[in-house]
2 protein chains.
Amino acid sequence: MDLDELDWRILDLLQQDGRMTFTELARRVNLSAPATTERVRRLEQLGVITGYAAVVDPQLLGLPIQAIVRVRVRSLDSPRFRERLLALPSVCDADHVTGDDCWLLRVRCKSMAELEQLVDNAQQYGETTTSLVFSSHVRNRPVSSPG
Amino acid sequence: MDLDELDWRILDLLQQDGRMTFTELARRVNLSAPATTERVRRLEQLGVITGYAAVVDPQLLGLPIQAIVRVRVRSLDSPRFRERLLALPSVCDADHVTGDDCWLLRVRCKSMAELEQLVDNAQQYGETTTSLVFSSHVRNRPVSSPG
DNA sequence: AGTGAAACAGTGCTGGC
DNA sequence: GCCAGCACTGTTTCACT
């Protein structure tokens, strides 16, 4: 994967504003619109850009509770855990990690009652540790050029 | 905040494809383009849609290591921790949470050496617990209508 | 790889319901 | 709150470098 400085500038701009028009993008990187478009297509095809997404505010959408649930899933229960728990709409992130707590879930709920239900559900598969999120200070920081 | 079914469909579609044109969006929700555009503008103005972002693959961008670092920050060190650590480009997510480990960081690094350096850095502010991420099974699941 | 011009598609505005 | 028509802007293709 060799990306030049121009590719990185394009990635930077599109991570900040995924709806920027290619003509605007072209202006910012001092290139013609077709050349810029072709670079973006190439980045998409290489899999560097995997998609574009609108970023929404869960608070305003009726999900004021955010929590991190760590689950020490018993190995025998792992398949069922993956099928049933990771499919829940409340589960925003799910990472399989090293260490005693082998799963880390970021969940969003409309109420504490809903969170309680989810944690109770998770308890079937192993011990859980739940932390409520006070505030998120960094969220999905754009990946930037190492140079 | 009262959103009707149409608003939710628009949110759903834009979370999946943030670059979808308003004409295409209009087709999908069976509305005229101007009406659809106006609804999107309204969602943006209400703060429901906070932005749009290109989603990139950190692996392909030279960041193969992903880890969750829990930090039990001593209260006296908190201001410096916030200023110095949360500003690092490696820190993708940073949440202030309840429980013993009061901060949860998701970091991405180009090498274990870099991760080691970051964790050493974090140790200045309190005890840390680091878990390497094997795999992310859910990432930024779109928020969907409760109904 | 990048450019410039022309055809085409999408956007934004205005007026009307 | 939605639609139709029009001017404007952005996108795509193609011949050329």
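Numbered from 1 within each chain, the chains take letters A, B, ... in sequence-line order.
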**Q** Starting at atom CE of B:M20, determine the distance to atom P of D:dT11, rounded to an integer number of angstrom.
**A** 16 Å
**Q** Only one of B:V40, B:L6, B:L43, B:V143 clears side-chain contact (heavy atoms from CB on, under 4.5 Å) with B:L11; which?
**A** B:L43
**Q** Within a radius of less than 6.0 Å around CD of B:E24, do more than 12 heavy atoms belonging to other residues, nucleotides or ligands occur?
**A** yes
**Q** Only pairs at least two apart or in different chains count here, so list each salt bridge (Lys or Arg N to Asp or Glu O under 4.0 Å) that has a residue in residues 40-49 of chain A.
**A** A:D7-A:R42, A:R41-A:E44
**Q** Using a cut-off of 4.0 Å on non-hydrogen atoms, how would the nucleic acid contact of B:R41 be classed: base, sugar-phosphate, or nothing?
**A** sugar-phosphate
**Q** For the side-chain contact (heavy atoms from CB on, under 4.5 Å) test, which of A:L118, A:V107, A:L105 pairs with A:L88?
**A** A:L118
**Q** How would you list all residue pairs meeting salt bridge (Lys or Arg N to Asp or Glu O under 4.0 Å) that involve residues 127-140 of chain A, not counting sequence neighbours?
**A** A:R139-B:D93
**Q** Quick one: on DNA chain D, does B:D4 or B:R19 contact a more 5' nucleotide (nearest heavy atom)?
**A** B:D4
**Q** First locate atom CG of B:L61, then atom CG of B:D57, and finally report the distance between them rounded to the nearest 0.5 Å.
**A** 7.0 Å
**Q** Please list, by residue number, the residues of residues 22-33 of chain A whose heavy atoms come closer than 4.0 Å to an atom of DNA chain D; answer none if no residue qualifies.
**A** A:F22, A:T23, A:R27
**Q** Walk along DNA chain C from 5' to 3' and tell me the first and last nucleotide with an atom closer than 4.0 Å to a non-hydrogen atom of chain B.
**A** C:dG10 to C:dC13
**Q** Rest of the hydrophobic cluster containing A:L76 (Ile/Leu/Val/Met/Phe/Trp/Tyr, side-chain heavy atoms under 4.5 Å)?
**A** none
**Q** Just how far, in rounded Å, is C1' of D:dC2 from CD of B:E38?
**A** 8 Å
**Q** Do B:V97 and A:L132 share a hydrophobic cluster (ILVMFWY, side-chain heavy atoms under 4.5 Å, transitive)?
**A** no
**Q** Does A:V119 reach the side chain of A:L115, with side-chain heavy atoms less than 4.5 Å apart?
**A** yes
**Q** Roughly, in whole Å, what's the span from CZ in B:R39 to P in D:dG1?
**A** 8 Å
**Q** If you fit an axis to the five pairs at each end of the helix from C:dA1-D:dT17 to C:dC17-D:dG1, how big is the angle between those two axes, to 10 degrees?
**A** 30°
**Q** Got more than 12 heavy atoms from elsewhere within 6.0 Å of CD, B:Q117?
**A** no
**Q** Relative to each other, are the rings of B:W103 and B:F81 parallel, tilted or perpendicular (30° and 60° limits)?
**A** tilted
